[in-house]
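To start, the structure under review is shown below, and the notes come after it.
What you see below is based on every heavy atom in this structure, not just the backbone, and it leaves out hydrogens, waters and symmetry mates.
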Amino acid sequence: MKLETEGIERPEKISVLSRALTRSLHVADYLIATCVLSTILVFLIEIIARASLVDTIAFFEQTNRPAWTTVGIYASIVIALDAVLGRSYHGLLLIAPLALLFAWIGRQKVLYLGDPIYPSDFLYSRQLVDLFPLLARERPWTAVCIVMAAVITPLLLVVLWRSLRCRALPLNVKARLWRLGITMPLLAVFVAAMDHSMFSWTRDRLRVLPIMWDQKENYAYNGFTMAFALNVPMANVTAPEGYSQQVIEAIGAPSPAHLTASDQPDIIMIMSESFWDPTRLPEVNFNRDPIPAVRANQTGAIFSPEFGGMTANVEFEALTGFSNAFLPYGSIPYQQYVRRPLPSLAAFLKSAGYVTKAIHPFRQWFWNRRNVYAALGFDTFMSEENLPKLAERGPLVSDQALTEEIIRQADQIEQPFFFFAVTLQGHGPYEANRYKDPSIDVSTPAGEAARATIRTFAEGVSDADSSLRYLMNWANRRSRPTILVFFGDHLPPLGEAYVATGYMRMHVADRRAPLSDMLKQHETPLVIWSNRTGTDFGVGTVSPVFLPLHVLELAGIVHPYYTGFLGSVRDHYKVIDRHILWSSNDEAKENWAAAPHINPWIGNFRLLQYDMMFGAQHGMMRFFPEMNAQPPAM
């Protein structure tokens, strides 16, 4: 009987061991397959983002870079998603298309704007859809491929999902728990390590090196996924060292606001989309000067913090007198930070009895302007939704039509007014034959493609210049004092035309370069003019933050921040950029933000801006008393 019992028990033990071994082999196969598939996914992501097989191979070969860390993270995410979805490999079907799509979008942003993609970019993804018709005119076959991919990819994913769901057995509770038990702690450690503001032993071991001051290098070194993850925490703006109520109160005592009630000038500020002087391109000849009015009345230049796009960041500086240099790299204040009433030129003038209007012939949600303009103190935002139908020049509303509408609205207002207008006609891309009746002709040895791009751009610039002259002629006929401010927001995205003419090494600007190169790539024309005193010559090249200072000085208006504090800062610096400071005595300091000691004026500027945007607003009563005052009755 004993032998029979032993004979029965042994096969049962062998069967248990066999099942355990089989399960282990299945788990091993699953883990190996997930890692292999994740490796392929990361390889494809990097090829798309870098557009270079050689650089992608180097990323995997160099052991000091986080290629295999990235593979491990994707494998962990896939395994965790499998546990949630209850089927093996379903997580890969969910994450792979999204990751590849984001990598492709990131590559397009690099091509058009020169900057990688940031987490904040997805806050305005709707804009990409509305810009699609313009891009389609320049790259029609790319547009066709995008449409086909948008139709075919979801159908293919549905087929793969259903096919895999039929073949993959459901995961039992035990299988799902061990997957979550392994991956969730790993992912939690990874998320904690991505805060680049603090040292992380784990991040160091994973070969992830935050290079936040140079995002191109950050993406090149760490790869698309790791660099993107490092940028996620940047939305959290930390207080500058030493920030306190006592420190804010110790910042120089400003003069009180003063405005002469009997002689309040009307102010019209026009930010002209991509306005720039195309005659600066070497070996390019024009049949006539495209910008004679601007050239005759040029006050100086704006040192734009952007290139080829990101108009809202230039607008933010020009209206608020606050600087992007003190905000996280890649951030867009209009999208991320303007969530409450914020000091601005509009808010101050509104408190002084001005009618304040923002005018832009596009949609209100673009760059979140509907909410931002309200927070900045504008009474009204005139946009595509509530403007009368304006004539177009090419595919967009013409500068002349917008100027005529500005004049029409101004003639209807009896009180002093402040208009801030953003034009649209000059928006790229600059496809050949965009205008049916061009008056500008161009010759250049740079090739036909470059010539066509430059000609289209120059024709639009000429229209903008003519519109400014039309506005100046109207203002000259007025009895009321009128100040006009006209400037370009950034250089146009001329792409290969820059390289073909030899103006730049690449088709997008350098983010870090000597001052001479930075001026070439970031200066746009500036006109500040009054119908009483003419052009305000001698302003020179300035950051947009100083525009409120120069406008109010010309208007004879004193303000504790805009003419007081900013005036003192302007005495020391004329350009404040995140990568370079240009002092009033023409000394350039590169990489200033990484220096152990920062000039006290710059330090106070940063502290005061943080206080008003993110802090307790200790300086409001002293620097922005209008924020607590009710505007006078109209």
State the [atom1]-[atom2] distance between [X] and [Y], to the nearest 0.5 angstrom.
X      : Y      : atom1 : atom2 : result
His490 : Thr524 : NE2   : OG1   : 9.5 Å
Ile483 : Ile267 : CD1   : CD1   : 5.0 Å
Lys357 : Ile268 : NZ    : CD1   : 11.5 Å
Ile406 : Tyr470 : CD1   : OH    : 11.5 Å
Met620 : Met612 : CE    : CE    : 4.0 Å
Phe419 : Leu484 : CZ    : CG    : 12.0 Å

Would you check if the distance from the ring center of [X] to the ring center of [Y] is below 6.0 Å?
X      : Y      : answer
His522 : Phe303 : yes
Tyr561 : Phe624 : yes
Tyr573 : Phe546 : no
Phe614 : Tyr337 : yes
Tyr610 : Phe326 : no

Heavy-atom closest contact ([X] atom, [Y] atom, distance):
X      : Y      : answer
Ile528 : Leu526 : CG1-CD1, 3.9 Å
Pro278 : Pro290 : CG-CG, 4.0 Å
Leu387 : His360 : CD1-O, 4.2 Å
Thr423 : Ser272 : OG1-CA, 3.3 Å
Gln298 : Gly300 : NE2-O, 2.8 Å
Ala446 : Thr501 : CB-CG2, 3.8 Å

With respect to His572, which candidate in Trp601, Phe605, Phe565, Trp582 satisfies the ring-ring contact (aromatic ring centres under 6.0 Å, His included) definition?
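Of the listed options, the one satisfying the test is Trp601.
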Any side-chain heavy atom of [X] sitting closer than 4.5 Å to one from [Y]?
X      : Y      : answer
Val422 : Phe366 : no
Val527 : Asp536 : no
Pro481 : Asp266 : no
Thr299 : Phe487 : no
Ile251 : Phe623 : yes
Ser304 : Gln521 : no
Val355 : Gln415 : yes
Leu515 : Val575 : no

Give the C-alpha distance, both sets of side-chain angles, the deciding distance and a yes or no for side-chain hydrogen bond (donor to acceptor under 3.5 Å, both in side chains) between Trp592 and Asn599.
CA-CA 9 Å; Trp592 62 271; Asn599 180 282; over 6 Å; no
With distance as the sole criterion, is a donor-acceptor pair present between the side chains of [X] and [Y] under 3.5 Å?
X      : Y      : value
Asn371 : Trp365 : no
Asp489 : Thr311 : yes
Arg532 : Thr482 : no
Glu385 : Ser383 : yes
Asn324 : Glu317 : yes
Arg288 : Ser439 : yes

Apply ring pair (Phe, Tyr, Trp, His ring centres under 6.0 Å) to Phe418 and Tyr354, showing your working.
CA-CA 6 Å; Phe418 170 59; Tyr354 274 68; 7.7 Å; no
Does the plane of the ring in [X] sit parallel, tilted or perpendicular to the ring in [Y]? Use 30° and 60° as the thresholds.
X      : Y      : answer
Phe457 : Trp276 : tilted
Phe420 : Tyr373 : perpendicular
His559 : Phe348 : perpendicular

Lys389, Gln364, Arg363 screened by side chain to side chain donor-acceptor pair (under 3.5 Å) with Glu384, the one that passes:
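Answer to the side chain to side chain donor-acceptor pair (under 3.5 Å) test with Glu384 among Lys389, Gln364, Arg363: Arg363.
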Taking it one step at a time, do Tyr430 and Ile454 satisfy side-chain contact (heavy atoms from CB on, under 4.5 Å)?
CA-CA 8 Å; Tyr430 308 104; Ile454 296 168; over 6 Å; no
So for atom [atom1], which belongs to [X], do other residues, nucleotides or ligands contribute more than 12 heavy atoms lying within a distance under 6.0 Å?
X      : atom1 : result
Asn433 : CG    : no
Glu283 : CD    : no
Glu414 : CD    : no

Backbone N or O of Leu566 within a donor-acceptor pair of the Asp571 side chain at under 3.5 Å?
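Not confirmed, Asp571 side chain does not pair with Leu566 backbone.
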Between the side chain of Thr535 and the main-chain N/O of Phe537, is any donor-acceptor distance below 3.5 Å?
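Checked: no pair found.
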Run the numbers on Val397 and Gln425 for side-chain contact (heavy atoms from CB on, under 4.5 Å), then give the verdict.
CA-CA 6 Å; Val397 170; Gln425 181 184 334; over 6 Å; no
Does the pair [X]/[Y] count as a salt bridge with the N-to-O cut at 4.0 Å?
X      : Y      : answer
Arg280 : Glu523 : yes
Arg606 : Asp611 : no
Arg393 : Glu459 : yes
Glu315 : Arg369 : yes
Asp289 : Arg295 : yes

Tell me, with the steps shown, if Leu342 and Met627 meet side-chain contact (heavy atoms from CB on, under 4.5 Å).
CA-CA 8 Å; Leu342 197 66; Met627 298 300 291; 5.6 Å; no
Decide side-chain contact (heavy atoms from CB on, under 4.5 Å) for Ile332 and Met310; before the verdict, give the C-alpha distance in whole Å, the side-chain angles of both, and the deciding distance to 0.1 Å.
CA-CA 8 Å; Ile332 300 128; Met310 298 296 176; 4.2 Å; yes
Decide salt bridge (Lys or Arg N to Asp or Glu O under 4.0 Å) for Asp441 and Arg451; before the verdict, give the C-alpha distance in whole Å, the side-chain angles of both, and the deciding distance to 0.1 Å.
CA-CA 9 Å; Asp441 200 8; Arg451 191 194 76 83; 3.6 Å; yes
